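So you know, we letter chains A, B, ... as the sequences are listed, proteins then strands, and number each from 1. Model, not experiment: these values are computed from the prediction.
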Amino acid sequence: MSKVATRFAPSPTGPLHIGGVRTALFNWLFSKNNKGKFYLRIEDTDKERSKEEYKKQIIDSLNWIGVYHDDKEYIQSKNINKHKEIAEELLKNDFAYKCYCSEEEIKEQKEKCKKKGIAYVYNRKWRDPKDLKIPQNIKPVIRFKSKISGNSVVKDLVQGEINIGNSIIEDFIILRQDGSPTYQLSAVVDDHLMNITHVIRGDDHKINTFKQKQIYEAMKWNVPEFAHIPLIHSEKGSKLSKRDKASTIDDYIKIGILSDALRNYLLRLGWSHKDKEIFSLDESINLFNLKGIGKSPSKLDMSRILSINEHYIKHMDEKILFKFLKIYSQKYKKSIDTSKEETLIKSINFLKNKAKTLEDIYKNSEYILKDNIEISAEDFKLLDNSSKNIVKDFLNEFEKMSKITKENLEKTVNGLIDKHKTNFKGVGQPLRIVLTGSRFGPGIYNIILSLNKDVVIKRLKN
RNA sequence: GGUCCCAUCGUCUAACGGUUAGGACAGAUGGUUUUCAAUCAUCUAAUCGGGGUUCGAUUCCCCGUGGGACCGCCA
């Protein structure tokens, strides 16, 4: 068998959503698992809607999640002449024919079918043009001569055998009136030229397989294997569209999802290996197979993405995590001041304990990053006179403290609890509010230990 | 409407035709003598319905029901 080659072939007519990313990931994993190749083909033959920025977005998204294509990306539009040649060849060999139907004529047929409540299939008028007069004012399209009777079977590596009556496959257009090739033709020709062995794509292409297979056969080309993976559904339960929010990679990066986490999530969405939930990159490559792909569509679940992300954050080396945080802050928040870096690295282990995302860590770190603490009106109300006295007392003790250690802080706080006849909350909460501007956050000792002595004093004095 | 596909806890899913139907996320409860978390322990929760085949169906077959995809001179 020839070397495994897969491809991902998006059209750059909109931002890639994570359904597409998953398809690419599966293709990539499958090729890596088989020590084969993975190619990217940009299907930009729709000139009107294709945009360079989307092409860039697609490649960025794939790279971000760790999917890199072999060779340069293929640009489909550069290959149009070859596609046309093949159309001519099909025409010459009587596998295709010119159709002179006007657009009105087709429209009329469609409406008729709709009225009758039957599926529209082109009536094959020009398949046998014996008694027809060729109109002078119409440029023909070229249609493929599809099988009329019998059944066709595709052995799908995910779906199993799919059987379909040939009569419902119409004589589809392979060359438009303006002479440009359509998707059905271009995809087949390119896949053939690229020596693609396995076409792994969304479920929505299933019917196309029956058209495309006929082109392969007419050209006497090897037919690749097909695997149609179920689509990802939105939370509403329908096909993920470009309009759904939180569906592009960028939406996840923005809230601080790690690429390892999203890759792991996507891998497990529609694919499984026993009870295993967490897969390293190497494990993914080694264990991935088409057998593990389920047949039913799956829904996006944000809480699960967050949970996996949390897992990766918890298990990540602090320096590496800081690097991610730094990059994240730079891009989506405020850049981290270099003077604060050391403090942050030191503190990241307790800052991350309360976080599901990089954004959470950033928020937890804000009391370190910000020079001025703002206290919300609501929190300010909690600072009554007795709380203020506690803060004052603490400040006195703190200034006298020879060495700031957890033990010394504990001693001081316990002393204040006794003195003011209160509990830990009575002391801890006002201190936290004054030091961080929030009722919530890390443990109070961690907060104090992570800040410089003079910063603590300054904040307490306010 | 036609064609095709799919169907296990709320969600992602596991289970050579024989399991008390398992795990994970979410949810609930309790413990950890500061908040929010985290953590630990425990719990709730599913084979869409009806027929077959079989000693025995989540698993195989048929019929319903529900959901989805496709039905472009888009890809």
In whole Å, measure the gap between the C1' atoms of C61(B) and U53(B) for me. 7 Å

Just compare A38(B), A24(B), G72(B) and give me whichever is closest to any side-chain atom of Arg304(A). A24(B)

When both distances are under 3.5 Å in a Watson-Crick or G-U wobble arrangement, the nucleotide paired with C73(B) is none

Which of these nucleotides, C25(B), G22(B), C12(B), is closest to any side-chain atom of Lys299(A)? C12(B)

Closest of C12(B), C4(B), U34(B) to the Ser298(A) side chain is C12(B)

If C36(B) has a Watson-Crick or G-U wobble mate with both distances under 3.5 Å, name it; if not, just say none. none

Using only heavy-atom distances, determine whether the side chains of Asp190(A) and Asn79(A) contain a donor-acceptor pair under 3.5 Å. yes

Report the base-pairing partner of G49(B) (Watson-Crick or G-U wobble, both distances below 3.5 angstrom), or none. C63(B)

Nucleotide opposite C9(B) in a Watson-Crick or G-U pair, distances under 3.5 Å: none

Of the residues in residues 260-270 of chain A, which ones touch RNA chain B at a heavy-atom distance under 4.0 Å? Arg268(A), Leu269(A), Gly270(A)

Counting side-chain heavy atoms from C-beta on, which of U3(B), C5(B), A38(B) comes nearest to Glu310(A)? A38(B)

Is there a donor-acceptor pair under 3.5 Å between the side chain of Gln57(A) and the backbone N or O of Leu16(A)? yes

By the Watson-Crick or G-U definition, both distances under 3.5 Å, C43(B) is matched with G27(B)

Under 3.5 Å, side chain of Ser186(A) to main-chain N/O of Tyr183(A), donor-acceptor pair present? no

In whole Å, I'd like the distance from the CZ atom of Phe440(A) to the P atom of C36(B). 7 Å

Partner nucleotide of C4(B) by Watson-Crick or wobble geometry (both distances under 3.5 Å): G68(B)

So for Lys354(A) and C36(B), does any side-chain atom that can act as donor or acceptor lie under 3.5 Å from a complementary atom in the base? yes

Nearest to side-chain heavy atoms of Ser296(A), which nucleotide of A14(B), A75(B), C6(B): C6(B)

Distances under 3.5 Å only, N/O to N/O: pair up the protein atoms with those of nucleotides 67-71 of chain B.
{"from": "G68(B)", "atom 1": "O2'", "to": "His233(A)", "atom 2": "NE2", "distance (Å)": "3.3"}
{"from": "A69(B)", "atom 1": "OP1", "to": "Lys239(A)", "atom 2": "N", "distance (Å)": "3.1"}
{"from": "C70(B)", "atom 1": "OP1", "to": "Lys239(A)", "atom 2": "NZ", "distance (Å)": "2.5"}

For Tyr265(A), which of Ile308(A), Ile257(A), Asn309(A), Leu306(A) qualifies under side-chain contact (heavy atoms from CB on, under 4.5 Å)? Ile308(A)

Cation-pi geometry met for Lys276(A) and Phe279(A) (6.0 Å, 45°): yes

Out of A75(B), A7(B), G72(B), whichever nucleotide has its closest atom nearest the side chain of Thr45(A): A75(B)

Name the closest nucleotide to the Asp275(A) side chain, picking from G23(B), C73(B), C5(B). G23(B)

From A75(B), A38(B), C12(B), nucleotide with atom closest to Lys314(A) side chain: A38(B)

Apply ring pair (Phe, Tyr, Trp, His ring centres under 6.0 Å) to the pair His69(A) and Phe8(A), showing each step before the final yes or no. CA-CA 9 Å; His69(A) 54 276; Phe8(A) 179 56; over 10 Å; no

Who is the Watson-Crick or G-U wobble partner of G56(B), with both distances under 3.5 Å? none

Might you work through the ring pair (Phe, Tyr, Trp, His ring centres under 6.0 Å) test for Trp126(A) and Tyr97(A), ending with a clear yes or no? CA-CA 7 Å; Trp126(A) 288 88; Tyr97(A) 60 93; 8.9 Å; no

